[in-house]
Amino acid sequence: MAVLTPRLRSLALATVLWLFGLSTSVLLVGLWGRSVANDGMTLEAGARAVLESEFVTHRVNGWLVEGVSAAGNAADPEQGIIDDVLAAERVETAMSHLVEEAVVAALTPPGEPVEADVAGAVDEFATAVASELASRGLPTDAEPIRRAALAAANGMLDDEGTGRVAQTANRARSFLTKVTGVGLAAILLFGWLAVRLSEDRVQQIRSLANRLLVSGLTFALFLRLGAWAVDPSGGRSPLATGSAVLLSSNGHVPLTVAVTAAAVVAAAGVVIRSRRRPVTAPAGDVDDDELLPLG
């Protein structure tokens, strides 16, 4: 490091600091993403939000009209009747049960037995819908509705009907573990280089910790803003709904990084202040050994 000219040292330090900042972003993404992938409650909430929004918003109305028509009603039911049927307490309860069973199926790890009874929940939902339609003057066979609902439920899962979320989480967890390792190694490497290139190493350590502190706070803020910006209405689309759930979770991870960095900043500040404290004796203090005898 001593052979570098001041100009080259300054250029090298600027480059290393830029790479250090990039590494902090990689580390924060890896830590937060891996935390989300390991958070079963967040995955369950996200899957439920996506499945419920997909099932209710994008699938039910279309196939329900088709199912009612195929069941022997020549005229398609009005949209108002369909909305009333879906808003009925019995239908809402059956739909919630169906979504819950689909979530359990989606979260079942590959190779493990599936405890969800999606078919039974579909039967319950189809029976409830047929009963509500009949009470409104549209006698309807539940079988076409059951087939349509079962097809929609299976369509929200993977080809085998189970494990879609679990498989995705496993792949994400493996990938983000590598990302976290790369980010941590890069931070240690570029942080060490930045300290070696600096004339005041303690001050540089404090500066690096400040960068990490700001990055952690900024990342946590962006997560909150992102959750609101992606889906401010709380259900605009299935993808937006699920993304909002994920972005609003595990905000403690970047905040923990920020708090750790703040501790390093404080410790480095103490060292710097103690190093700058004057060590000379105050004026007027004279050592007893320096007093001259009077006679």
Side-chain angles (χ1 to χ4, degrees), residues 12-47 49 165-166 168-232 240-275:
L13 182 58
T15 302
V16 168
L17 289 177
W18 177 78
L19 292 172
F20 179 86
L22 184 63
S23 302
T24 60
S25 299
V26 174
L27 177 64
L28 288 170
V29 170
L31 287 174
W32 174 78
R34 194 175 186 281
S35 177
V36 171
N38 281 319
D39 189 346
M41 294 183 64
T42 296
L43 292 178
E44 182 178 346
V165 177
T168 302
N170 287 337
R171 289 194 296 266
R173 191 159 40 240
S174 176
F175 173 73
L176 290 169
T177 298
K178 298 175 183 177
V179 170
T180 302
V182 170
L184 180 59
I187 279 184
L188 293 176
L189 172 62
F190 296 124
W192 176 78
L193 288 175
V195 172
R196 290 295 305 273
L197 287 167
S198 302
E199 295 180 359
D200 190 336
R201 296 185 176 182
V202 176
Q203 182 63 42
Q204 186 58 253
I205 291 175
R206 186 185 186 188
S207 176
L208 294 176
N210 265 320
R211 289 170 179 264
L212 192 56
L213 168 61
V214 173
S215 296
L217 293 176
T218 303
F219 192 82
L221 178 62
F222 280 175
L223 287 178
R224 298 303 304 176
L225 291 177
W228 175 84
V230 167
D231 193 32
T241 302
S243 299
V245 171
L246 296 181
L247 288 174
S248 62
S249 67
N250 290 271
H252 66 278
V253 174
L255 289 178
T256 300
V257 174
V259 169
T260 303
V264 176
V265 171
V270 171
V271 173
I272 292 173
R273 285 193 296 272
S274 64
R275 189 174 57 184

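- Applying the side-chain hydrogen bond (donor to acceptor under 3.5 Å, both in side chains) criterion to Thr260, with sequence neighbours excluded, gives no partner residue.
- In plain terms, the two heavy atoms of Ala209 and Ala261 that are nearest each other are O-CB, 3.3 Å.
- Atom CG of Leu188 sits about 11.0 Å away from atom CG of Leu193, to the nearest 0.5 Å.
- Going from atom CG of Leu31 over to atom OG1 of Thr256 covers 9.5 Å, rounded to the nearest 0.5 Å.
- The two atoms that bring Leu176 and Gly33 nearest to each other are CD1-C, 3.2 Å, heavy atoms only.
- Remark: Val195 pairs with Arg201, Gln204, Ile205, Leu208 by the side-chain contact (heavy atoms from CB on, under 4.5 Å) rule, at least two apart or across chains.
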Would you be so kind as to tabulate the donor-acceptor pairs closer than 3.5 Å made by side chains of residues 17-27, with sequence neighbours excluded?
| unit_1 | atom_1 | unit_2 | atom_2 | d |
| --- | --- | --- | --- | --- |
| Ser23 | OG | Leu19 | O | 2.8 |
| Thr24 | OG1 | Gly21 | O | 2.5 |

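- Under the 3.5 Å distance criterion, the side-chain polar atoms of Ser274 are matched with a main-chain donor or acceptor of Val271.
- For Thr180, the side-chain hydrogen bond (donor to acceptor under 3.5 Å, both in side chains) test picks out no residue, with sequence neighbours left out.
- By the side-chain hydrogen bond (donor to acceptor under 3.5 Å, both in side chains) test, Asp200 is found to be paired with Arg275, residues two or more places apart in sequence or in another chain being considered.
- Of all heavy-atom pairs spanning Pro254 and Leu223, the tightest one is CG-CD1, 4.2 Å.
- Residues Val202 and Ala268 come closest through the heavy atom pair CG1-O, 4.0 Å.
- Here the closest non-hydrogen pair linking Leu255 and Ala220 is CD2-CB, 3.8 Å.
- Val182 is linked by a side-chain contact (heavy atoms from CB on, under 4.5 Å) to nothing, counting only residues two or more places apart in sequence or in another chain.
- Across every non-hydrogen atom of Ala262 and Leu213, the tightest pair is CB-CD1, 4.1 Å.
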